[in-house]
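One structure is given here, and the rest of the page talks about it.
Residue numbering restarts at 1 for every chain, and letters A, B, ... go by the order of the sequence lines. These numbers come from a predicted model, not from an experiment.
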Protein chains: 2
Amino acid sequence: MLGSTYGGQDCSVARSLEIFGERWTLLVLRDALYGVRRFSDFADHLDIPRAVLSDRLRKLVANGVLTRSTHGGTGGSAVVYELTDAGRDLWPVVHALAHWGQRHASDVATPRIFTHATCGSRLNAHAHCPACDVTPAVADVVTSRPGKPRRSDRVSAELAKPHRMLEPV
Amino acid sequence: MLGSTYGGQDCSVARSLEIFGERWTLLVLRDALYGVRRFSDFADHLDIPRAVLSDRLRKLVANGVLTRSTHGGTGGSAVVYELTDAGRDLWPVVHALAHWGQRHASDVATPRIFTHATCGSRLNAHAHCPACDVTPAVADVVTSRPGKPRRSDRVSAELAKPHRMLEPV
């Protein structure tokens with residue numbers, strides 16, 4: 001087995017990958033940026049063993065990327081995971097991965113769209129709005145997924161609708 | 001063992017991670033963007049088993065991210081790996097990882113610097129040059145690493161000097 005650290009690499013890329021380079025972790029963070037907050041929603045959307053999901057969430061909390069808290073509600077209390085400021089700063093990473101995949105790797109029929117909430121323009125490769133010449137904060141980005149989702153879970157249906165990033169689904 | 005694909009995820013982030021989400025792969029690509037081209041230079045700088053490096057390079061060639069070719073030289077011929085257009089388009093991914101690590105994860109004493117070749121300004125979180133208000137192509141980015149490298153290999157010393165990205169070391 002290869003480990004999960006890069007002790008010999010004196011480099012901030014390696015430090016980042018020590019925190020979220022593990023399998024599934026960047027997809028958990030992708031979902032968190034799209035507005036997923038509950039364990040069961042992550043589990044339904046990602047289709048991974050609950051033990052793997054627990055492990056990834058626990059490490060992201062330990063590394064200051066997510067917070068874990070209990071919210072009261074009419075249907076009882078629920079544990080929710082929310083991005084910290086450091087977690088929200090992962091938007092350029094996730095956007096760059098999405099953009100590269102759409103351009104070079106994708107067999108995704110109807111790729112997800114990212115637009116600037118203010119003007120509705122599509123963001124470019126660097127998550128920049130060319131119309132307004134600004135790089136919107138992640139909360140000012142609207143995302144949607146046109147067409148019929150291939151996945152039939154509730155979270156996929158919710159995330160397909162146009163909504164602001166970070167807005168709870 | 002978890003596999004290396006994300007078959008259930010109809011998503012371009014997942015497609016990207018199927019190509020370069022494996023351990024070490026993004027550090028190989030980082031080095032390629034910094035100008036590393038030879039197997040022995042990757043091996044010296046990354047300190048990984050040669051079998052792992054071979055596997056990662058082979059997959060990146062198979063996925064159209066690197067090309068492998070034999071260059072003749074005065075000291076005999078050498079195999080070199082070079083980024084394709086798709087590979088060069090990974091610059092926003094690697095820059096975003098470097099920037100996040102410097103901001104949130106780093107115990108790196110003297111982080112690597114990325115500047116716009118034309119004006120010398122530091123790039124921002126989105127690899128944008130605020131002075132010129134352009135996002136330079138990767139070949140128009142100069143990188144350097146001030147201070148004494150912690151690693152003593154030749155490649156680390158070369159990559160510490162100011163040089164254009166992609167320029168062979």
Side-chain angles (χ1 to χ4, degrees), chain A residues 2-4 6 8-24 26-27 30 45-49 52 63-65 85-86 89-112 124-128 133 135 149-151 156, chain B residues 2-4 6 8-24 26-27 30 45-49 52 63-65 85-86 89-112 124-128 133 135 149-151 156:
Chain A
L2 297 164
S4 63
Y6 298 97
Q9 294 292 306
D10 180 33
C11 158
S12 56
V13 176
R15 293 293 84 72
S16 290
L17 292 174
E18 286 175 346
I19 292 179
F20 48 79
E22 222 174 357
R23 183 161 164 74
W24 291 106
L26 275 163
L27 298 185
R30 171 202 68 182
H45 193 234
L46 293 169
D47 261 345
I48 49 175
V52 173
N63 283 311
V65 175
D85 288 347
D89 279 351
L90 283 164
W91 163 235
V93 174
V94 170
H95 181 268
L97 289 167
H99 193 270
W100 193 90
Q102 289 181 15
R103 185 144 182 215
H104 295 293
S106 201
D107 56 358
V108 177
T110 54
R112 179 166 289 281
N124 73 9
H126 295 270
H128 192 77
D133 195 17
T135 305
R150 265 192 230 171
R151 294 184 55 86
S156 291
Chain B
L2 299 164
S4 62
Y6 299 97
Q9 294 292 306
D10 181 32
C11 158
S12 56
V13 177
R15 293 292 85 74
S16 290
L17 292 174
E18 287 175 344
I19 293 179
F20 47 79
E22 221 174 358
R23 184 161 162 75
W24 290 107
L26 275 163
L27 297 184
R30 171 202 68 183
H45 192 234
L46 293 169
D47 261 346
I48 49 176
V52 174
N63 283 311
V65 175
D85 288 347
D89 279 351
L90 283 164
W91 163 234
V93 174
V94 171
H95 181 267
L97 289 166
H99 192 270
W100 193 90
Q102 288 180 17
R103 185 142 181 216
H104 295 292
S106 202
D107 57 356
V108 177
T110 53
R112 178 166 290 280
N124 73 9
H126 298 271
H128 193 77
D133 195 19
T135 305
R150 264 194 230 169
R151 294 184 54 86
S156 292

As an exercise: rank [options] by heavy-atom pairs under 4.5 Å with chain A and give me the winner.
options	answer
D47(B), T135(B), T110(B)	T135(B)
L26(B), V13(B), D133(B), I19(B)	V13(B)
A127(B), P92(B), G64(B), A125(B)	P92(B)

Inset, instruction - Output, in order, the C-alpha distance, side-chain angles, deciding distance and verdict of side-chain contact (heavy atoms from CB on, under 4.5 Å) for Q9(B) and R151(A). - result: CA-CA 8 Å; Q9(B) 294 292 306; R151(A) 294 184 55 86; 4.2 Å; yes
Legend entry - Closest heavy-atom pair and its distance - S16(A), W100(B): OG-CE3, 3.5 Å
Inset, instruction - Looking only at non-hydrogen atoms, find the nearest pair between A98(A) and S12(B) and report the distance. - result: O-OG, 3.1 Å
Inset, instruction - Please identify each residue that fulfils side-chain hydrogen bond (donor to acceptor under 3.5 Å, both in side chains) with R112(A), with sequence neighbours left out. - result: T143(A)
Inset, instruction - Kindly indicate whether the side chain of R30(A), heavy atoms from C-beta on, has any atom under 4.5 Å from the side chain of C11(B). - result: yes
Inset, instruction - Please examine the side chains of R23(A) and Y6(B), heavy atoms only from C-beta on, and report whether any two atoms are closer than 4.5 Å. - result: yes
Inset, instruction - Applying ring pair (Phe, Tyr, Trp, His ring centres under 6.0 Å), name anything that partners H126(A), two or more places apart in sequence or on another chain. - result: none
Inset, instruction - Kindly compute the distance separating NE2 (H99(B)) from CG (D89(A)), expressed to the nearest 0.5 Å. - result: 8.5 Å
Inset, instruction - Tell me, with the steps shown, if W24(B) and L17(A) meet side-chain contact (heavy atoms from CB on, under 4.5 Å). - result: CA-CA 9 Å; W24(B) 290 107; L17(A) 292 174; over 6 Å; no
Legend entry - Structural part of L46(B) lying under 4.5 Å from a heavy atom of chain A: both
Legend entry - Mutual orientation of the aromatic rings belonging to H128(A) and H128(B) [parallel < 30°, tilted 30-60°, perpendicular > 60°]: parallel
